[in-house]
Amino acid sequence: MSSPSPAPAPQSDRAALLKAFDEARTGVRGLVESGVSSVPALFVHPDPYASAPLAPPGVSIPVVDLSLPAPLAAAAAVEAARSWGFFLLVNHHQTLGVPEDYPARALAAVRAFNELPATERAAHYGRAMDGGVSYFSNFDLFRAPAASWRDTVQIAFGPERPDLARIPAVCRDEVVEWDAHATAVGRVVLGLLSEGLGLAPTRLEEASCLEGKAMVCHYYPVCPEPERTMGVVPHTDPRVLTVLAQDGVGGLQVKQIDDDGESHWVDVKPVPGALVINVGDLLQIMSNGKYKSVDHRVIMTTRKEARVSIAIFFNPGKRGDSDFYGPLPELVSSDTMPEFLGAFFRRDLASRALADHFKL
């Protein structure tokens, strides 16, 4: 049983503690290296796992097998996106020519960076996306009511390419190669989902939905009190599509609402070689609600081993004030990309889904 949560610090004290944590430039991993034996107050989430019960044993997200005949694979992807908003993708290695050692090599390289000595990591730390690359802890650190137990390397791979020299050398080659393979995966999945809308398989790609790419490499350090904090709070992705690679540690959960309206959390247990695909808020809007963007979170299970994941978020590459995105094929409601993404980055991560923000 966990010890009682400490009383919240006054806002002025909290702001000073956040500033000191950020200026240390070593992230949550730095706290672990310092020998913390309890979760600092900044990271304590009141009742982090009380929102909904866990699903009964045996419940799992669907699996889409790319080795099946194309019509069967497409039907499985469409049904999974419609009913769950999430699915596991398997046999992409054989079908798309993805090397068998990926994404494992990229995950190992991201782990290697995060486990470098603190002074080497600190040289890369900063919230600005200089050259399209940043290393930081919690993008909403100064807005969220509680910080989460993770550090992040973020790389903008599109629409403009990053300055590759700014990617940490220990993981540079591997993440660049994984970007190319994951983009091939994203293209195939968007094609299947586009056909499921009764459109040409290239329709979503023609809407520039593969051009905007952000790679987010999360590292969740070992935690002395995993029951008192979270890796990622419940949220939906303000994107078109997410392609996620995760190691074998686990912790990702998806919220499912059953036919009776009851919600529960479903573990997305790591499957060797499988990728996790999920629908984002923008795809829910563009599909006129046929596909759904659902809440997901990462719970802390990392008492002995850190968790590593790499998400690639696909967004439209056209983001000007005159670029409108609404349901396809006919528009019901349209919103510009700057307004849409601006709404996301002004909130803390646990705020309501952006698809709700833009509902008529």
Side-chain angles (χ1 to χ4, degrees), residues 61-64 66 70-89 158 182-214 234-244 254-259 263 266 268 275-296 311-319 323-341 343-344 352-360:
I61 67 171
V63 176
V64 174
L66 285 186
L72 295 180
V78 168
E79 175 57 23
R82 185 191 66 79
S83 59
W84 280 81
F86 267 79
F87 56 88
L88 290 173
L89 189 73
T183 299
V185 171
R187 178 173 289 110
V188 167
V189 172
L190 280 183
L192 297 177
L193 297 180
S194 185
E195 288 184 288
L197 296 174
L199 306 172
T202 56
R203 181 66 181 89
L204 288 168
E205 184 172 356
E206 289 167 356
S208 80
C209 290
L210 282 174
E211 293 177 13
K213 289 187 293 181
H235 68 288
T236 60
D237 292 343
R239 319 288 182 176
V240 173
L241 191 78
T242 303
V243 175
L244 176 79
V254 173
K255 182 179 278 189
Q256 187 199 36
I257 301 177
D258 63 24
D259 294 338
S263 62
V266 178
V268 182
L275 298 174
V276 181
I277 308 294
N278 71 277
V279 172
D281 294 339
L282 261 176
L283 185 53
Q284 177 172 319
I285 292 170
M286 296 175 80
S287 70
N288 204 15
K290 179 168 183 177
Y291 304 139
K292 64 181 183 180
S293 176
V294 302
D295 276 335
H296 49 288
I312 298 189
F313 299 117
F314 292 98
N315 276 318
K318 298 175 182 177
R319 301 186 181 185
D323 294 311
F324 291 88
Y325 295 90
L328 298 170
E330 71 184 58
L331 300 178
V332 175
S333 169
S334 298
D335 298 285
T336 64
M337 279 299 294
E339 182 184 358
F340 185 83
L341 292 176
F344 175 76
R352 63 190 176 139
L354 280 196
D356 292 338
H357 179 83
F358 287 101
K359 278 181 179 175
L360 288 176

- For Val276, check side chain to side chain contact (heavy atoms under 4.5 Å, CB included) against everything at least two apart and list the hits.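 With sequence neighbours excluded, Val276 shows a side chain to side chain contact (heavy atoms under 4.5 Å, CB included) to Phe86, Leu88, Leu244, Gln246, Leu252, Val268, given in chain and number order.
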
* **Partners meeting side chain to side chain contact (heavy atoms under 4.5 Å, CB included) with Ala81 (sequence neighbours left out)** =>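 Testing Ala81 for side chain to side chain contact (heavy atoms under 4.5 Å, CB included), a comparison that skips the adjacent residues, returns Leu193, Val279, Tyr291.
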
For [X] and [Y], work out which heavy atoms get closest and say how close.
| X | Y | value |
| --- | --- | --- |
| Ser194 | Arg203 | OG-CB, 3.3 Å |
| Leu192 | Ala73 | CD1-O, 4.3 Å |
| Pro238 | Asp281 | CA-OD2, 3.6 Å |
| Asp295 | Pro234 | OD1-C, 4.4 Å |
| Met286 | Ala207 | CE-CB, 4.2 Å |
| Gly196 | Val78 | CA-CG2, 3.5 Å |

- Report the C-alpha distance between Leu282 and Arg239 in whole Å, list the side-chain angles of each, state the deciding distance to 0.1 Å, and finish with yes or no for side-chain contact (heavy atoms from CB on, under 4.5 Å). CA-CA 5 Å; Leu282 261 176; Arg239 319 288 182 176; 5.9 Å; no

Item checked: From Asp237, Thr242, Thr236, residue fulfilling side-chain hydrogen bond (donor to acceptor under 3.5 Å, both in side chains) relative to His296 ->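 For His296, the side-chain hydrogen bond (donor to acceptor under 3.5 Å, both in side chains) check succeeds only for Asp237.
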
Report yes if the side chains of [X] and [Y] come closer than 4.5 Å at any heavy-atom pair, otherwise no.
| X | Y | value |
| --- | --- | --- |
| Val189 | Phe314 | no |
| Phe313 | Lys213 | no |
| Leu283 | Ser293 | no |
| Glu205 | Leu210 | yes |

Applying side-chain contact (heavy atoms from CB on, under 4.5 Å) to Leu275 and Val185, what does each step give before you reach the verdict?
CA-CA 9 Å; Leu275 298 174; Val185 171; 4.0 Å; yes

Item to complete: Mind checking side chain to side chain donor-acceptor pair (under 3.5 Å) for Gln256 and listing every partner two or more places apart, or none if nothing turns up?
Response: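 Per chain and number, Gln256 pairs via side chain to side chain donor-acceptor pair (under 3.5 Å) with His264.
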
Would you sort out whether Val240 and Leu190 count as a side-chain contact (heavy atoms from CB on, under 4.5 Å), showing the intermediate values?
CA-CA 9 Å; Val240 173; Leu190 280 183; 4.0 Å; yes

- Would you confirm whether Lys292, through its side chain, and Gln284, through its main-chain N or O, come within 3.5 Å as a donor-acceptor pair?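 Between the backbone of Gln284 and the side chain of Lys292 there is no qualifying donor-acceptor contact (under 3.5 Å).
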
For this session: Measure from the side-chain N and O atoms of Ser208 to the backbone N and O of Gly317, and report whether any donor-acceptor pair falls under 3.5 Å.
Result: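 Side chain of Ser208 to backbone of Gly317, a donor-acceptor pair under 3.5 Å: yes, one is there.
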
- Carefully, step by step, assess Leu66 and Val188 under the rule side-chain contact (heavy atoms from CB on, under 4.5 Å). CA-CA 9 Å; Leu66 285 186; Val188 167; 4.3 Å; yes

Exercise. Determine the sole option in Asn315, Ile277, Asn278 for which the side chain to side chain contact (heavy atoms under 4.5 Å, CB included) test with Leu241 is passed.
Key: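 The option that passes is Ile277.
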
* Measure the spacing between CG of Asn288 and CG of Leu197 and express it to the nearest 0.5 Å. =>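 Rounded to the nearest 0.5 Å, the CG-CG separation comes to 9.5 Å.
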
